[in-house]
Amino acid sequence: MVNPAINVALLAAAANQEEIREKIEGRLKRGGAISAAKAIVLDLKDKEQKLLDQALASGSVKRTDDGRLYLNERVIADRNEGHGFMALLILLAIASVIASVAVLAAQAGN
């Protein structure tokens, strides 16, 4: 049985990635920032800045020399290829949490 703390960490990481896609990558895509030539400036709040820092670290977002931002389509395409594996991993983590709860409930009933 997988440690429930690991399951929670996996689910939190997946949720964080989804938030980056929605708040940062989504804004860049809607703004047409898909290359350095089309890079834009984003006005970010504190939490969004943290998400941007993570997107920059992962390589899905790049910054031009003058500070504008754009999507790194190659990294995003490579990441999207792995979505099937991520979905399976999330389902396994959820199943493990459910199994852990069921075992704990059964032990508490004895």
Side-chain angles (χ1 to χ4, degrees):
M1 183 164 33
V2 177
N3 183 333
I6 293 172
N7 291 332
V8 170
L10 287 171
L11 292 173
N16 189 50
Q17 279 300 106
E18 186 60 31
E19 192 171 20
I20 289 171
R21 279 192 288 276
E22 288 176 10
K23 294 197 179 215
I24 303 299
E25 293 175 11
R27 286 175 64 187
L28 290 170
K29 191 168 202 158
R30 286 188 300 276
I34 57 171
S35 69
K38 296 179 179 182
I40 61 173
V41 175
L42 291 181
D43 183 29
L44 302 173
K45 298 176 182 138
D46 290 337
K47 182 172 182 175
E48 291 173 329
Q49 183 61 49
K50 181 179 176 186
L51 295 173
L52 173 62
D53 292 342
Q54 292 172 354
L56 288 166
S58 75
S60 64
V61 173
K62 295 285 191 179
R63 187 185 305 267
T64 63
D65 291 339
D66 62 358
R68 295 176 299 133
L69 303 164
Y70 65 97
L71 293 174
N72 184 344
E73 293 286 323
R74 173 169 280 155
V75 169
I76 291 172
D78 290 345
R79 180 188 68 205
N80 289 343
E81 287 180 11
H83 275 197
F85 176 74
M86 181 60 105
L88 177 62
L89 185 61
I90 290 170
L91 288 174
L92 289 173
I94 291 169
S96 179
V97 168
I98 291 169
S100 297
V101 169
V103 168
L104 290 173
Q107 287 178 348
N110 290 334

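What you are looking at is a predicted structure, and each value in this text was computed from that prediction instead of being measured.
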Show me the side-chain donor-acceptor pairs of residues 36-46 shorter than 3.5 Å, one per line, residues at least two apart or across chains.
none

- Task: Search all heavy atoms of Glu48 against all heavy atoms of Ile24 and return the closest pair with its distance.
- Result: O-CD1, 3.6 Å
- Task: Any chance you could measure Arg74, atom CZ, to Ser60, atom OG, to the nearest 0.5 Å?
- Result: 15.0 Å
- Residue set satisfying side chain to side chain donor-acceptor pair (under 3.5 Å) with Gln49, at least two apart, ordered chain then number -> Asp53
- Task: Report yes if some heavy atom in the side chain of Arg27 is under 4.5 Å from a heavy atom in the side chain of Leu52; otherwise report no.
- Result: no
- Message: With a 4.5 Å cut-off on side-chain heavy-atom distances among I, L, V, M, F, W and Y, is there a chain of contacts connecting Tyr70 to Leu28?
- Response: no
- Message: Can a donor-acceptor pair be found, under 3.5 Å and without considering hydrogens, that links the side chain of Ser96 to the backbone of Leu92?
- Response: no
- Steps toward side chain to side chain contact (heavy atoms under 4.5 Å, CB included) verdict (Glu25, Val61): CA-CA 7 Å; Glu25 293 175 11; Val61 173; 4.3 Å; yes
- Item | Rounded distance [0.5 Å steps], OG in Ser58 versus CG in Asn72 | 9.0 Å
- side chain to side chain donor-acceptor pair (under 3.5 Å) partners for Thr64, two or more places apart: Asp66
